[in-house]
Amino acid sequence: MQQASAKAISDAQREARTRAYAMPLSQFHVGNPELFRTDTLWPYFERLRKEEPVHWCSTSPVGNYWSVTKYNDIVQVETRPEIFSSDLRLGGIMLRDVDARYEWPSFIAMDDPGHAEQRGAVQPLFTPPELVKMAALIRERSASVLDNLPRNETFNWVERVSIELTTQMLATLFDFPWDERRKLTRWSDVATALPKSGIYANEEQRQAELAECGTTFARLFAERAKAPVKSDLISLMAHSQATRGMDRENLLGNLILLIVGGNDTTRNSMSGSVLALNENPEQYDKLRANPALIASFVPEVIRWQTPLAHMRRTATQDSELGGKTIRKGERVVMWYVSGNRDEEVIEDADRFIIDRRSAHNHLSFGFGIHRCVGLRVAEMQLRIIWEEIMKRFTRIEVVGEPKRVYSSFVKGYEVLPVRISN
Ligand code: HEM
C-alpha cells in the first residue's frame, strides 16, 4: 500500500482510539454506520468487550438496543431462539426495525417451526455432492474473469472481480438467465441499502425495482414448477412441499434472502482477501510459498472480514445475559465483528494469520439454527478463485484507499483500487 495512505490510516485509527476511550460508555452507539465507513469501529468494540460486554445503547437515532460483544455471549443468544426471536413482526434481524407491512417474509426472519420447514427446502442444493457438480463450472467461469483482467493498469477489484464472480455464482445457483445476471446484484443492493447510501434515488424507485424483481422471479418459479425438478434453487423451491404453496410475498422474500445472503457476503470476502494480504505482506509471502494454505486462509479471511457485522434478535421474555437483565420486547444485537476479535476465545484475534490452527472457529456465519445455509458454497467460491489467482499472478497490489460501505450490517467495500503487474 502507498506510504502516505498508510500513514493517514494510522492517524485516523489513533484519533478513533483516543475518542473511543474518552467517551462515556453511556454515549456509545456502535451501530453508527459512520464507524464502519471510516473503519474506526475497533477501539469502541475493544472497550465494550473489556468494560461492558453486554451494553445498553440509548443514544441511537434508530431506537435503543443491547450490544452483545463477546463470543460466548453471542453463542448464548444464538442457541436460545425461544427467548431471542428472529421474527419479522417483532422487527426482524437487523438493528434497524423493519416494518413487516413493507417487507417480504423470509425464513431468516422466522422462528421454528416455519423457519426449519422452509430452510429444509433449499438445503439439498448446499450439500457436498451438489457442490462438486457446481465446482467445475465455477472454476471455468472464475478463470475466464481472471484471464481478462488488465495488466499494469489500476482497476477496481470490487467491480471487475468480486461483483462479477459473485453474480456469476448466484446466476449458477438460480439457473438465472445468464445475460441478465447483473440484475441479481442490483436487486440485492436495492433491497439492503440504507436511504442515505445513494444506491437508489427515492423509495418509489426502490419499490419499482423490487416489483420488477418480484415479477421476474414469479415467472421463473411458475415455469420451473411445470417442468421436472432440477437442482437449482428456484426449481427446488417450486417442487418442495414446504415451499411450493408459499404465497407470492413469502416466495419473493425467500428468493431475495438467497440473493442477498450470497451476494454482499461473498463479494466482500473476495475484496477483503486481497486487502488483508496487502496489509499483511508477510502472510502473502507465506501463501505464495505454500498455496496449500488456501484451506485455512479462506476461513481466516471470512473471520477477519466478517462480511455481516451483526444479526439482531428481539427478546420474547425477560432473561439474564452477561450480568444484565434483558426485558421482553428489547432489541439484542449480536456483533459478530466483535466476537471474532474476542481474545478469550480466539488467540491473537487482532492478527491476520493464514495458517491458524482453528481457522473455522469464528462467528461470521452465525451459530445455531440460523447458521448460514450457504457457507460451503461461499468457501468453495473463495477457494477456487484463490487457486486460480495463485496459478496466474505473483501479486495483486492494492494501490489506493478502499472505499467502504456505509452500513453497520454489511461490512464491505465499494472500491478497492488494485494493479497487477505481471
Ligand atoms: C462469506 C460468505 C457468507 C457469510 C459471511 C454469510 C453469513 C451469514 C450469517 C451471519 C447468517 C445468519 C446466521 C445466524 O443468524 O446465526 C447467514 C444466514 C444465511 N445465509 Fe449466509 N453468508 C455467506 C454466504 C452465503 C451464501 C453464498 C448463501 C446462498 C447463496 C447464503 C445464504 C444464507 C441463508 C439462506 C441464510 C438464512 C439461514 C437461516 O435462517 O436458517 N449465505 N449467512
Side-chain angles (χ1 to χ4, degrees), residues 30-33 35-37 39 41-42 45 62 65 67-69 71 73-75 77-78 84 86 88 91-98 103 106-110 115 119 126 158 162-163 166 169-170 185 188-189 191-194 197 199 253 256-273 275-276 298-313 331-342 346 360-379 381-382 404-414:
V30 283
N32 179 357
L35 295 179
F36 289 76
R37 190 187 66 76
D39 197 34
L41 62 153
W42 306 105
F45 283 108
V62 294
Y65 63 94
S67 280
V68 184
T69 59
Y71 192 108
D73 288 337
I74 293 172
V75 170
V77 175
E78 291 266 24
F84 299 108
S86 300
L88 182 69
I93 49 141
M94 290 191 279
L95 165 54
R96 182 185 279 260
D97 270 336
V98 291
E103 291 295 321
S106 68
F107 63 87
I108 199 169
M110 285 180 194
H115 157 262
R119 179 181 164 114
F126 297 101
V158 175
S162 309
I163 294 183
T166 306
M169 179 191 83
L170 289 172
T185 323
S188 170
D189 289 345
T192 54
L194 293 176
S197 64
I199 301 276
I256 282 279
L257 163 63
L258 287 158
I259 309 175
V260 172
N263 182 44
D264 288 310
T265 51
T266 314
R267 173 204 302 186
N268 288 317
S269 306
M270 268 183 220
S271 306
S273 62
L275 183 61
V298 165
E300 175 66 350
V301 163
I302 294 171
R303 178 191 75 90
W304 184 87
Q305 180 59 35
T306 317
L308 294 182
H310 77 259
M311 284 280 161
R312 164 263 175 102
R313 302 289 185 257
R331 285 189 265 184
V332 178
V333 179
M334 303 175 287
W335 291 105
Y336 300 136
V337 71
S338 173
N340 277 343
R341 302 289 172 113
D342 184 350
I346 300 171
H360 285 276
N361 183 20
H362 64 70
L363 292 171
S364 297
F365 291 124
F367 200 91
I369 59 168
H370 287 280
R371 186 155 195 252
C372 179
V373 80
L375 65 93
R376 288 205 192 93
V377 189
E379 288 184 340
Q381 169 72 79
L382 278 163
R404 291 168 202 271
V405 176
Y406 178 78
S407 167
S408 64
F409 184 66
V410 171
K411 186 169 159 294
Y413 312 90
E414 282 170 20

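Because the structure is predicted, anything quoted here is derived from the model rather than measured. What's counted below: heavy atoms across the whole structure, side chains too, no hydrogens, waters or symmetry copies.
You'll find the side chain of His310 stays beyond 4.5 Å of the side chain of Val337, heavy atoms only. The closest side-chain heavy-atom distance from Ser86 to Arg313 is below 4.5 Å. Between Lys411 and Tyr336, the closest side-chain pair of non-hydrogen atoms is not below 4.5 Å. In this structure the side chain of Asp342 never reaches within 4.5 angstrom of the side chain of Thr69, judged on heavy atoms. Within the 4.5 Å cutoff, the side chain of Val405 has no heavy atoms near those of the Tyr413 side chain. Counting only heavy atoms from C-beta outward, the side chains of Tyr71 and Asn361 approach each other to under 4.5 Å. Side-chain contact between Glu78 and Arg371 is absent, with no heavy atoms from C-beta onward closer than 4.5 Å. Within the 4.5 Å cutoff, side-chain heavy atoms of Arg331 are placed close to those of Leu95.
The residues Asp97 and Arg312 are annotated as salt-bridged, a charged nitrogen and a carboxylate oxygen being separated by less than 4.0 angstrom.
Separation of atoms OH (Tyr65) and CZ (Arg96) is listed at 12.0 Å; rounding is to 0.5 Å. Atoms OG1 and CG, from Thr166 and Leu382 in turn, are 8.0 Å apart once rounded to the nearest 0.5 Å. Atoms CD1 and CD, from Ile199 and Glu414 in turn, are 6.0 Å apart once rounded to the nearest 0.5 Å. Separating the CD atom in Gln381 from the OG1 atom in Thr266 is a distance of 7.0 Å, to the nearest 0.5 Å. Once rounded to the nearest 0.5 Å, the distance linking CD1 of Ile256 with CG of Asn263 reads 10.0 Å. With values rounded to the nearest 0.5 angstrom, Leu375 atom CG is found 8.0 Å from Ile302 atom CD1.
A tilted orientation is assigned to the rings of His115 and Phe107, their planes being inclined by 30° to 60°. Using a 30° and 60° split on the angle between ring planes, His360 and His362 fall in the parallel class, below 30°.
Listed for the Asn268 side chain is a donor-acceptor partner under 3.5 Å among the backbone atoms of Asp264.
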- Item | Full working for side-chain contact (heavy atoms from CB on, under 4.5 Å) between Phe409 and Leu308 | CA-CA 6 Å; Phe409 184 66; Leu308 294 182; 4.0 Å; yes
- Task: Would you please test Leu41 and Val30 for side-chain contact (heavy atoms from CB on, under 4.5 Å) and show each step?
- Result: CA-CA 7 Å; Leu41 62 153; Val30 283; over 6 Å; no
- Begin from the C-alpha positions of Arg37 and Tyr406 and carry the test side-chain contact (heavy atoms from CB on, under 4.5 Å) through to its verdict. CA-CA 5 Å; Arg37 190 187 66 76; Tyr406 178 78; 4.0 Å; yes
- Query: What do the steps show when you test Arg119 against Ile369 for side-chain contact (heavy atoms from CB on, under 4.5 Å), and what is the final call?
  - Reply: CA-CA 10 Å; Arg119 179 181 164 114; Ile369 59 168; over 6 Å; no
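Of all non-hydrogen atoms in Ser162 and Ser271, the two that sit nearest each other are OG-OG, 2.8 Å. The shortest heavy-atom contact between Phe36 and Ala309 is CE2-CB, 3.7 Å. Closest approach of Thr306 to Ser364, counting heavy atoms only: CA-OG, 3.6 Å. Of all heavy-atom pairs between Val75 and Leu363, the closest is CG2-CD2, 4.2 Å. Across Arg341 and Arg303, no two heavy atoms sit closer than the pair CD-NH1, 4.2 Å. Heavy atoms only, all atoms of each residue included: Ile93 and Ala109 are closest at CG2-CA, 4.3 Å.
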